[in-house]
Amino acid sequence: MDGPTYCGQLQGVRPGGAQVGVTGDTRGDAAGGSKPEGFKGWLEGVRATRTGRLTLKIVIGVVGAALVIGGLLLVPLPGPGWLIVFAGLAVLATEFEWAHRLLEFAKKTLSSWTDWLKRQGWLVRILVGVVTLAAAAVLVWFMIKISLGIDLIEEARRFVT
């Protein structure tokens with residue numbers, strides 16, 4: 001019988017790129033090379049099975065989504081909100097092509113914004129800085145008023161008079 005054999009005896013390449021031998025094992029490439037060690041080797045081992053690939057996608061999806069959502073909640077506040085959003089997109093980009101494309105778009109947009117700002121004169125740079133600080137101050141005042149019930153403007157008036 002010259003046709004292909006089944007039951008795990010078919011040679012080929014698994015989706016993760018690992019070479020599949022006669023018994024279905026993943027021991028390096030066809031030239032006898034060694035399997036990557038460390039984290040990359042561990043990831044290849046996880047991706048070698050269907051259950052592992054699915055579990056990895058779910059875990060990466062949950063962790064990345066949590067980072068993106070948490071970062072977006074922090075964006076209005078002073079601090080690393082956008083940095084956390086980008087970190088979440090980077091985590092998602094390890095398993096999802098759409099996240100990789102979105103991360104590349106965001107990096108290009110941020111780069112073009114900073115390049116534009118660098119080309120501007122000192123007056124425009126100062127104006128952008130003042131507007132950014134004013135927006136941050138308004139957001140901090142609003143968050144303190146909503147969460148703690150303290151109106152900083154009223155407190156400042158009482159302090160001055």
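Residues Ile153 and Met143 are members of separate hydrophobic clusters, defined by side-chain heavy-atom contacts under 4.5 angstrom among Ile, Leu, Val, Met, Phe, Trp and Tyr.
A donor-acceptor contact shorter than 3.5 Å links the side chain of Arg125 to the backbone of Lys118.
Every pair tested for ring pair (Phe, Tyr, Trp, His ring centres under 6.0 Å) that includes a residue from residues 128-161 fails, sequence neighbours excluded, so the list is empty.
For Arg157, the side chain to side chain donor-acceptor pair (under 3.5 Å) partners are Glu154, not counting sequence neighbours. Take Gln120 and apply the side chain to side chain donor-acceptor pair (under 3.5 Å) test, not counting sequence neighbours, and it matches no residue. Every residue two or more places apart in sequence or in another chain that forms a side chain to side chain donor-acceptor pair (under 3.5 Å) with Lys107 is listed here: Glu104. Every residue was checked against the side chain to side chain donor-acceptor pair (under 3.5 Å) condition with Arg50, not counting sequence neighbours, and none meets it. Here Trp113 pairs with Trp116 under the ring pair (Phe, Tyr, Trp, His ring centres under 6.0 Å) rule; sequence neighbours left out.
Separation of atoms CG (Leu103) and CZ (Arg101) is listed at 12.0 Å; rounding is to 0.5 Å. For the atom pair CG of Leu67 and CG of Leu74, the computed distance is 10.5 Å after rounding to the nearest 0.5 Å. For the atom pair CG of Leu89 and OG1 of Thr94, the computed distance is 11.0 Å after rounding to the nearest 0.5 Å. Considering CG of Leu92 and CG of Leu102, their distance stands at 9.0 Å, rounded to 0.5 Å. In this structure, OG1 on Thr132 lies 9.0 Å from CG on Leu127, to the nearest 0.5 angstrom. Separation of atoms CD1 (Ile146) and CD1 (Ile150) is listed at 12.5 Å; rounding is to 0.5 Å.
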**Prompt:** Should Leu56 and Glu95 be marked as a side-chain contact (heavy atoms from CB on, under 4.5 Å) after you check the CA-CA gap, both sets of side-chain angles, and the distance that decides it?
**Reply:** CA-CA 8 Å; Leu56 189 62; Glu95 286 297 316; 3.4 Å; yes
